[in-house]
2 protein chains.
Amino acid sequence: MVLRMRTKVNALPGCPMSMCMDLLGGLWTPELIWSLSDGPRRFSELRRDIPAISAKVLTSRLRDLEARGVLGRSVLPTSPPTVEYELTSLGRELLPAIRSIVEVGSRLLLRDRPAG
Amino acid sequence: MVLRMRTKVNALPGCPMSMCMDLLGGLWTPELIWSLSDGPRRFSELRRDIPAISAKVLTSRLRDLEARGVLGRSVLPTSPPTVEYELTSLGRELLPAIRSIVEVGSRLLLRDRPAG
DNA sequence: CTGTATCCCCGTGGATACTG
DNA sequence: CAGTATCCACGGGGATACAG
């Protein structure tokens, strides 16, 4: 049921396209950022948003995007621990690109199934 | 000198995002489509546009995108053979997403180097 | 709940040599 | 010019088990 498509994107370093694709290019990265666009979300919520993602990859993406300044991580002093992730202003700058991708995809869906 | 960044993108099948990312997600795919946005280009021109791409991968992308209806291939009856690739209407529908990616990337570049 | 550590698979791309 | 064929290495991701 899970589509295991593997793709890779690349771009010349220092050019506009790679600036953006370097941030969006990881497995599940666009979905992850998209899930955070509505506001802060917790680890387990993200897993539910994207059921096909493994804990390992989710952690990996989260750490990576945090290191790149795309999202912030805050640990709430509860028991058991609660961790919230939310987009930074840098992360929010990526949303127009993702939105455009979704829009184009929607148009392609209509194209494929004009009557469906 | 060549950046060998490897990334993978994924998306749930049948959703708008994957409709678009399935088409953009391959290594060098956005650059390739972007190179074709100005008009038809030949194999060797594409290699010059994207020096870091290998012939194998370029061929692979070209065949794949042709099969998906993103671009068309025409062999001109010259000697030696001339082959031209150009975006189809489907391929042109992807351009807004790529343009948005480039715009966001440009903004990120300015953000990183506000003074140049 | 929020992760980390380990092992292993295998897809994907590079290099090289060759072809019509 | 425009590819194809072959071999190989790499490294990312899945599964599983474990931890604070």
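Note on naming: letters A, B, ... go to the chains in the order of the sequence lines (proteins, then strands), and numbering restarts at 1 for each one.
The shortest distance between the side-chain N/O atoms of Ser44(A) and the OP1/OP2 oxygens of dT2(C) is below 4.0 Å. OP1 or OP2 of dC1(C) has not a single side-chain nitrogen or oxygen of Thr82(A) nearer than 4.0 Å. Arg42(A) has a side-chain polar atom (N or O) that falls below the 4.0 Å cut-off from OP1 or OP2 of dT2(C).
In this structure, CG in Leu94(A) is found 11.5 Å from CG in Leu36(A), a value given to the nearest 0.5 Å. Expressed to the nearest 0.5 Å, how far CG of Leu108(A) lies from CD of Glu103(A) amounts to 12.0 Å. Summarising the geometry, atom OG belonging to Ser35(B) is positioned 12.0 Å from atom CZ belonging to Arg48(B); distances are rounded to the nearest 0.5 Å. For the atom pair Leu24(A) CG and Ile101(A) CD1, the distance stands at 6.0 Å (nearest 0.5 Å).
With hydrogens and angles disregarded, no donor-acceptor distance shorter than 3.5 Å links the side chain of Arg47(B) to the backbone of Ser54(B).
Straight-line distance from the CD1 atom of Ile50(A) to the P atom of dG13(D): 13 Å, rounded to whole Å. Between Ile53(A) atom CD1 and dA15(D) atom C1' there is a gap of 15 Å when expressed in whole angstrom units. Between Leu76(B) atom CG and dA2(D) atom C1' the separation is 12 Å, expressed in whole Å. Note: CG (Asp64(A)) to P (dG13(D)) measures 10 Å, nearest angstrom. Rounded to a whole Å, the CG atom of Leu27(B) is 6 Å from the P atom of dG14(C). dA2(D) atom P lies 15 Å from atom CD of Glu66(B), rounded to whole Å. In this structure, the CD atom of Glu84(B) is 17 Å from the C1' atom of dG3(D), given to the nearest Å. Between the C1' atom of dA2(D) and the CG atom of Leu58(B) lies a distance of 10 Å, rounded to the nearest Å.
Counting only Watson-Crick and G-U wobble pairs whose two key distances fall under 3.5 Å, DNA chain C forms stems of three or more stacked pairs at C:1-20 with D:1-20.
Among all heavy-atom pairs drawn from Ala52(A) and Trp28(A), the shortest one is CB-CZ2, 3.6 Å.
Of the residues listed (Leu46(A), Ile50(A), Ile53(A)), the one engaging Glu31(A) in a side-chain contact (heavy atoms from CB on, under 4.5 Å) is Ile50(A), and it is the only one.
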**Message:** Treating primed atoms plus P, OP1 and OP2 as sugar-phosphate and everything else as base, which nucleotides of nucleotides 3-9 of chain C get B, S or - for protein heavy atoms under 4.0 Å?
**Reply:** SB-BB--
Anything under 3.5 Å between a donor and an acceptor, one on a side chain of residues 85-93 of chain B, the other on a protein residue two or more places apart or in another chain? List them.
{"from": "Tyr85(B)", "atom 1": "OH", "to": "Arg63(B)", "atom 2": "NH1", "distance (Å)": "3.4"}
{"from": "Tyr85(B)", "atom 1": "OH", "to": "Arg73(B)", "atom 2": "NE", "distance (Å)": "3.3"}
{"from": "Thr88(B)", "atom 1": "OG1", "to": "Gly69(B)", "atom 2": "O", "distance (Å)": "2.5"}
{"from": "Thr88(B)", "atom 1": "OG1", "to": "Val70(B)", "atom 2": "O", "distance (Å)": "3.0"}
{"from": "Thr88(B)", "atom 1": "OG1", "to": "Leu90(B)", "atom 2": "N", "distance (Å)": "3.3"}
{"from": "Thr88(B)", "atom 1": "OG1", "to": "Gly91(B)", "atom 2": "N", "distance (Å)": "3.1"}
{"from": "Ser89(B)", "atom 1": "OG", "to": "Arg111(A)", "atom 2": "NH2", "distance (Å)": "2.9"}
{"from": "Arg92(B)", "atom 1": "NH2", "to": "Leu87(B)", "atom 2": "O", "distance (Å)": "3.4"}
{"from": "Glu93(B)", "atom 1": "OE2", "to": "Arg111(A)", "atom 2": "NH1", "distance (Å)": "2.1"}

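Residues Val75(B) and Leu65(B) fall within the same hydrophobic cluster, defined by Ile, Leu, Val, Met, Phe, Trp and Tyr side chains chained together at heavy-atom separations under 4.5 Å.
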